[in-house]
Amino acid sequence: MHEVDSLCDGNVPFVFFFQSKNVRELRNILSRDSFSYPICIDTEDSFNKLNRFPDVMTFQTFLVDSGNRVKVIGNPIHNLSVKELYLKELTGMKSNPLPVTTVHPDSTEYHYGTVGKNKKESKKVILHNTGKEVFRIKGVTTSCDCMTVEYGWDEILPGESAVLTVKYKAEEPGDFWRTITVYGNIPEKSFTLDFWGTVKK
């Protein structure tokens with residue numbers, strides 16, 4: 001939202017609809033986080049019933065124009081390709097595509113083993129640029145807030161490697177499976193890596 005505000009001089013309004021029976025808790029959360037954007041608390045789920053939104057939350061975020069026509073659908077937070085579509089639609093900017101290269105991780109699956117509840121574990125992911133062009137990372141998304149990814153680089157030269165540090169904070173006891181998605185100038189535009197393990201009871 002801050003990025004859109006800076007690119008569009010604050011001329012793009014955001015509206016949030018929340019379906020919740022617990023209005024007090026929702027108001028407390030919004031107040032705690034100093035949330036200043038317009039919201040509608042829809043206790044009867046009327047907005048959803050009227051529009052019949054998809055059950056998948058990814059498709060419950062969309063951009064509409066001044067005539068209320070939907071221009072882009074999808075969650076720009078969890079998919080950087082969708083974010084690019086939003087920004088292109090809002091700003092009219094067209095970017096020249098980067099030459100593609102090939103990147104291979106040292107593995108596609110990473111096992112954390114057994115993790116204590118509320119403990120943090122990390123894994124190193126090594127990315128190898130096996131192509132002939134510079135790899136430029138556009139960003140990384142995670143399947144849940146319990147995963148964070150750290151890296152201090154923007155590009156990998158041909159024939160070289162770089163490291164992502166993927167941290168997991170244990171949640172409820174039991175088996176878990178999470179993913180991260182890496183975006184950049186590769187033919188598929190992104191690739192996904194799996195992380196799994198067990199949280200100790």
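For clarity, every value in this text was computed on a predicted model and none was experimentally measured.
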Enquirer: Between Leu30 and Phe16, does the side chain to side chain contact (heavy atoms under 4.5 Å, CB included) criterion hold? Intermediate values first, please.
Expert: CA-CA 12 Å; Leu30 295 170; Phe16 293 83; over 6 Å; no
Enquirer: Sort out for me which residue in Val166, Val140, Thr141, Thr179 forms a side chain to side chain contact (heavy atoms under 4.5 Å, CB included) with Met147.
Expert: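 Per the side chain to side chain contact (heavy atoms under 4.5 Å, CB included) rule, the option paired with Met147 is Val166, out of Val166, Val140, Thr141, Thr179.
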Enquirer: Less than 3.5 Å apart, any donor N or O on the side chain of Thr43 or Lys21 sitting next to an acceptor on the other?
Expert: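 Short answer, no.
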Enquirer: Just how far is it from atom OG of Ser161 to atom CD1 of Ile156, taken to the nearest 0.5 Å?
Expert: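 These two atoms lie 7.0 Å from each other.
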Enquirer: Quick check against the 3.5 Å criterion: does Ser31 have a side-chain atom that pairs as donor or acceptor with the backbone of Arg27?
Expert: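 Such a contact is absent between Ser31 side chain and Arg27 backbone.
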Enquirer: Would Leu63 and Glu89 count as a side chain to side chain contact (heavy atoms under 4.5 Å, CB included) if you check the C-alpha gap in whole Å, the side-chain angles of each, and the deciding distance to 0.1 Å?
Expert: CA-CA 9 Å; Leu63 174 69; Glu89 186 67 35; 3.7 Å; yes
Enquirer: Are Thr130 and Thr102 close enough that a side-chain donor and a side-chain acceptor fall under 3.5 Å?
Expert: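 Result is yes, a qualifying pair exists.
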Enquirer: Regarding Thr198 and Asp175, is there a side-chain donor-to-acceptor distance under 3.5 Å anywhere?
Expert: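 The criterion, which ignores hydrogens and geometry beyond distance, is satisfied for Asp175 and Thr198.
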Enquirer: Identify whether the distance between the nearest side-chain nitrogen and carboxylate oxygen of Asp45 and Lys49 falls below 4.0 Å.
Expert: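 So Asp45 does not pair with Lys49 through a salt bridge.
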Enquirer: Is it the case that atom CZ in Phe59 sees more than 12 heavy atoms from other parts of the structure closer than 6.0 Å?
Expert: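 Result for CZ/Phe59: open.
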Enquirer: Please find out if less than 6.0 Å separates the ring center of Tyr168 from that of Tyr110.
Expert: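 No - the distance between ring centres of Tyr168 and Tyr110 does not fall below the 6.0 Å cut-off.
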Enquirer: Rounded to the nearest 0.5 Å, what's the gap from CG on Asn129 to CZ on Phe135? Could you check?
Expert: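 It comes to 8.0 Å.
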Enquirer: Going by atom types alone, do Thr101 and Asn185 pair a side-chain donor with an acceptor below 3.5 Å?
Expert: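 Side-chain D/A pair, Thr101 to Asn185: absent.
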Enquirer: Using a strict 4.0 Å threshold on nitrogen-to-oxygen distance, state whether Lys167 and Glu150 make a salt bridge.
Expert: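 Here Lys167 pairs with Glu150 in a salt bridge, since their nearest N and O are under 4.0 Å apart.
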Enquirer: Under a 4.0 Å threshold between the charged nitrogen and the carboxylate oxygen, would Glu84 count as salt-bridged to Lys189?
Expert: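 Answer for the salt bridge query: no.
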Enquirer: Please confirm whether the backbone N or O of Arg69 pairs with a side-chain atom of Asp65, one donor and one acceptor, at under 3.5 Å?
Expert: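 Pair found, side chain donor or acceptor close to backbone of Arg69.
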Enquirer: Where do Asp194 and Trp177 land on the side chain to side chain contact (heavy atoms under 4.5 Å, CB included) test, with the steps shown first?
Expert: CA-CA 7 Å; Asp194 297 323; Trp177 173 74; 3.5 Å; yes
Enquirer: Please walk me through it: do His128 and Val103 pass side chain to side chain contact (heavy atoms under 4.5 Å, CB included)?
Expert: CA-CA 5 Å; His128 307 277; Val103 170; over 6 Å; no
